[in-house]
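Both ligands and their constituent atoms are indexed starting at 1 by order of listing.
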Amino acid sequence: MTYKLFVNGEFTESSTRETYDVRNPANGTKVDSVSKGSVEDTRAAIDYAYEALNREKKSPSNIPRILQVTSELVRQSETELATIMTLEQGKTLLESRGEIKFFAHTLEYYAGMKVRGSQVRISDSSKIAMVEKDPVGVVAGIVPWNNPILLMGAKVSASLAAGNSIVVKPASTTPLSTLKVAELFSKAGLPKGLLNYVTGPGETVGEELVTNPKTRKVSFTGETATGKRIMELASRQLKRVTLELGGSNPIIVSDDADLDAAIGAALNGRFRNCGQGCMCVKRAYVFEQIASKFVEKLKEKAQAIVVGDGMKPETTMGPLHSKNQLQKVSSQVSETLERGGELITGGHRPDDPDLSNGFFYLPTLVTNVDENSRLVSEECFGPALPIITVASMDEAIEQANDSIYGLGASVWTKDLGRAKKAAQELEAGTVLINSLYGAGGWEIEVPMGGFKQSGIGREYGIEGLESYTETKTVIMG
Ligand code: NAD
């Protein structure tokens with residue numbers, strides 16, 4: 001079968017009839033093929049979204065009910081959706097299931113949330129002043145491959161709940177699970193045109209979404225470099241942008257921390273989804289008094305990770321998503337070792353010949369790390385953790401903040417003073433104190449986003465909903 005674009009409530013071939021294959025990162029086999037959308041297809045989808053929005057303004061449908069029913073259908077389809085995601089993305093089936101559950105919960109959360117305006121008393125008491133929250137218009141949603149459903153889910157649920165229509169571009173390598181979800185929205189009764197999925201390259205489909213005058217807001221999740229390009233293009237028409245970009249999230253482990261809990265957090269934080277999460281732990285700053293114990297115990301646990309095909313029940317870490325990813329992570333590790341880093345475990349592909357056709361890489365720990373090495377200065381989107389020893393919380397915070405990124409940070413300490421200091425001084429959109437990340441890397445009910453070059457704006461929570469609205473002041477005399 002060939003998966004097709006989802007435009008105006010129907011699955012349609014691309015105007016060029018071109019298709020391409022989606023391949024399994026665990027073994028290189030073809031999962032399925034998919035229509036390759038063109039600029040023309042994208043324009044058509046935007047036009048339909050625009051018309052649907054105008055119809056919706058005149059006669060609104062019951063979006064909360066539709067989101068709720070979709071959520072139930074997503075739950076019923078968990079196994080099918082999770083299987084497709086594991087085949088196209090590589091993560092373990094358990095991780096895919098977690099992502100589908102998170103999506104169902106997101107739909108439910110926004111189904112229950114209303115956009116709220118307010119009435120404000122102004123100095124001229126003969127007038128009534130109201131602050132309305134209007135839908136922003138047609139939204140362009142651009143999604144990466146690491147959490148294809150979860151990240152699409154935030155954009156679609158909040159856009160629709162705020163009264164918008166949306167055209168989504170999934171990542172080229174993970175379109176299948178997303179297109180499967182389109183069926184469920186249709187089944188739940190979503191009016192045609194309010195949600196459209198156009199697959200295809202970023203340079204054509206993505207850039208048309210960003211530059212087409214009918215899209216009013218771009219909600220993008222992906223690399224910082226791509227985010228800069230999108231902001232530049234969007235600025236030409238002063239479009240609203242939400243940019244959820246890269247991160248190099250530190251974990252700080254103090255000498256008084258619950259060590260086993262902190263090690264669990266580092267393990268799960270670094271190696272889940274094969275390290276390919278914006279909110280994954282990417283650098284560890286460990287107090288010198290406990291560093292050798294931390295490294296020894298983490299090494300034992302990292303070596304116990306079962307690397308393999310995500311479809312196999314015994315697998316606890318799947319492959320990297322692509323050859324590019326594999327090359328990038330390998331080169332970041334090699335460069336860090338050349339600068340004097342000490343390899344504690346991993347640092348290469350597994351020897352198992354059964355894994356030779358996949359993009360597998362072993363869980364990797366490096367100590368003695370030069371602070372200018374690539375594992376520290378760049379975002380590492382793979383299973384490699386640099387471990388740096390520090391003498392104090394001040395030093396840990398200073399080094400943690402010494403990054404262009406500011407997405408997440410986590411701190412492990414029993415000392416309230418240290419915890420408070422870290423919460424106040426860390427430059428990050430989310431600071432976790434003695435706390436593991438939620439199922440999908442963060443929590444639905446609170447805003448998520450980045451300081452510095454990790455992004456602009458927030459998704460999730462009430463802030464996420466409001467980012468899909470325009471504020472209108474109405475004064476009645
Ligand atoms: P990417 O920037 O390469 O691609 C993301 C999406 O943008 C894809 O759909 C791609 O096709 C599209 N795209 C590429 N060039 C484009 C262009 N010129 N115009 C419009 N669209 C274009 O990112 P990726 O490699 O798919 O994803 C990994 C990155 O995403 C990591 O840096 C990760 O940290 C980041 N990320 C951030 C968050 C967050 O919430 N902050 C969440 C997940 C992932």
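Scanning the protein for heavy atoms near atom 42 (C) of ligand 1, the closest one is C278 SG, 2.8 Å. Looking only at heavy atoms of the protein, atom 11 (O) of ligand 1 is closest to K169 NZ, 2.8 Å. When hydrogens are left out, the protein atom nearest atom 3 (O) of ligand 1 is T226 OG1, 3.9 Å; that is the closest non-hydrogen contact. Protein heavy atom closest to atom 34 (O) of ligand 1, with residue, atom name and distance, is E379 OE2, 2.6 Å. Nearest protein neighbour of atom 27 (O) of ligand 1, counting heavy atoms only, is P144 CB, 3.2 Å. The closest protein non-hydrogen atom to atom 8 (C) of ligand 1 is V143 O, 3.3 Å.
Note: Y460 and F102 have perpendicular aromatic rings, judged against thresholds of 30 and 60 degrees for the angle between ring planes. Under the 30°/60° scheme for interplanar angles, the aromatic rings of W145 and F381 are found to stand perpendicular.
You'll find the side chain of S467 stays beyond 4.5 Å of the side chain of E459, heavy atoms only.
The CD atom of E108 sits 12.5 Å away from atom CE of M113, with the distance rounded to the nearest 0.5 Å. Between the OG atom of S157 and the CD1 atom of I166 there is a distance of 9.0 Å, given to the nearest 0.5 Å. The CD atom of E463 lies 13.0 Å from the OH atom of Y468; values are rounded to the nearest 0.5 Å.
Within 4.0 Å of atom 24 (P) of ligand 1, at least one protein heavy atom is present.
The ligand atoms of ligand 1 that sit less than 4.0 angstrom from a heavy atom of P170 are 9 (O).
Within the 4.0 Å heavy-atom cutoff, G450 does not count among the residues contacting ligand 1.
In this structure, Y109 places its OH atom where more than 12 heavy-atom neighbours from other residues, nucleotides or ligands lie under 6.0 Å away.
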